[in-house]
Student: 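Below are the structure tokens for one structure; questions will follow.
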There are 2 protein chains.
Amino acid sequence: MHKEDTLTKNQQIIFDLIDKSPEPMKAYSILHDVQKKGIKAPLQVYRALDKLVEIGKIHKIESRNAFIACHNSSCQVSKATAFSICEICEKVTEISSASLSKYLTNFKDKDGMKYSKYNLEFFGLCKKCR
Amino acid sequence: MHKEDTLTKNQQIIFDLIDKSPEPMKAYSILHDVQKKGIKAPLQVYRALDKLVEIGKIHKIESRNAFIACHNSSCQVSKATAFSICEICEKVTEISSASLSKYLTNFKDKDGMKYSKYNLEFFGLCKKCR
DNA sequence: TTTAAATTGTTATAATATAACACTATGTAA
DNA sequence: TTACATAGTGTTATATTATAACAATTTAAA
């Protein structure tokens, strides 16, 4: 499976940065942080991000245009993602719920259509902000 | 409830355009189409879009940066949205499933936290593209 | 009717993302 | 080992998406 694939230099630098970050990181903030490592252009960042998303090492939080490392060990969920987002402090947490992913993976629309790929973003207030 | 609110001129022009469109519309494509009606600047479009999203008349498809009219009559779902997106033709359909919205509205995360607001995007192939 | 709130119009600019092209590294097959 | 395909890199330029700041106007409620 893909997750074990060796990352290239740029991919590794950018993954390490995102993985260490306690919060989702934006592309240009990543760019700023890796310039000292020789990554100078937005495209270098976006290419690494694209690849990391593709292989499931990171996820994009669509509503925030930001990226976080995947913390689900199981590979199936890399294209079936769910997050909770605090509307005050912007804390983002990946939800790993077997019942949720089972429900959504088995969900059929009006036409009986199933979708193995989805992205779900819940919004509310986190513990601290409540 | 908000949906019955009267729209302002710009909001009405932009809502009508989106409502008539068979597919999600992007902000600058909207701008292009409404220039003949006197809306000349991006900000005029974004302001109307923000308001229309806020009152639930339209939804933003986050993964596409595009906007579609809401076709659910019930107001509760305006902040609890679900869509299917065809990865080939980009057709987007709003899903109105009582069981889905019930499941997600009642979903509790590890900490027992519930979220009344969410956005779900399913990806796959539509009937035509399969 | 005056006053607060929302909306508008406008210019400028910020933030996010991709096109195009030349070059380099890496793995695979002859 | 060579040669070939594939993926990744570096670079410049540019496209796309979105907001800041400020003055003027409209609207609706007290």
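Quick note on labels: first sequence line is chain A, next is B, and so on, each numbered from 1.
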Student: Nearest-Å distance, CZ (R47(A)) to P (dG8(D))?
Tutor: 10 Å
Student: Hey, can you tell me if Y118(A) and F122(B) have their rings parallel, tilted or perpendicular (30° and 60° cut-offs)?
Tutor: perpendicular
Student: Any side-chain N or O of K60(B) under 4.0 Å from OP1/OP2 of dT17(D)?
Tutor: no
Student: Taking 5' to 3' order, which nucleotide of DNA chain C is first and which is last to have an atom within less than 4.0 Å of a heavy atom in chain A?
Tutor: dT16(C) to dA20(C)
Student: Once you round it to whole Å, what is the distance between P of dA15(D) and OH of Y28(B)?
Tutor: 13 Å
Student: Looking at Q11(A), I'd like to know whether one of its side-chain N or O atoms comes within less than 4.0 Å of OP1 or OP2 on dG8(D).
Tutor: yes
Student: Does OP1 or OP2 of dA18(D) have a side-chain N or O of N65(A) closer than 4.0 Å?
Tutor: no
Student: Roughly how many Å is it from CD in Q35(A) to C1' in dG10(D), rounded to a whole number?
Tutor: 14 Å
Student: Return the 5'-most residue of the pair K26(B), I39(A) with respect to DNA chain D, ranking by each residue's nearest nucleotide.
Tutor: I39(A)
Student: Distance only, no hydrogens: is a donor on one side chain within 3.5 Å (strictly under) of an acceptor on the other, for E121(A) and S63(A)?
Tutor: yes
Student: Nearest whole Å is fine: how far is dA23(D) P from L43(B) CG?
Tutor: 16 Å
Student: Just how far, in rounded Å, is P of dG10(D) from CD1 of I14(A)?
Tutor: 10 Å
Student: Between P42(B) and G38(B), just flag the one whose closest nucleotide in DNA chain C comes earlier from the 5' side.
Tutor: G38(B)
Student: In whole angstrom, give the distance that lies between atom CG of L7(A) and atom C1' of dT9(D).
Tutor: 16 Å
Student: Can you check whether Y103(B) reaches L104(A) side chain to side chain, under 4.5 Å on heavy atoms?
Tutor: no
Student: How close or far is atom C1' of dT17(D) from atom CD of E62(A), stated in whole angstroms?
Tutor: 14 Å
Student: With a 4.0 Å cutoff (strictly under), does any side-chain N or O of Y46(B) reach OP1 or OP2 of dT19(D)?
Tutor: no
Student: Please check this pair: side chain of Q11(B) against backbone of A48(B), looking for a donor-acceptor N/O pair closer than 3.5 Å.
Tutor: no
Student: Are side-chain heavy atoms of Q12(B) and D16(B) found at a separation under 4.5 Å?
Tutor: yes
Student: Does a side-chain N-to-carboxylate-O contact under 4.0 Å join E90(A) and R64(A)?
Tutor: yes
Student: What is the distance, to the nearest angstrom, from the CZ atom on R64(B) to the C1' atom on dT17(D)?
Tutor: 16 Å
Student: Please identify which of these residues, L49(A), I58(A), D19(A), meets the side chain to side chain contact (heavy atoms under 4.5 Å, CB included) condition with I14(A).
Tutor: L49(A)
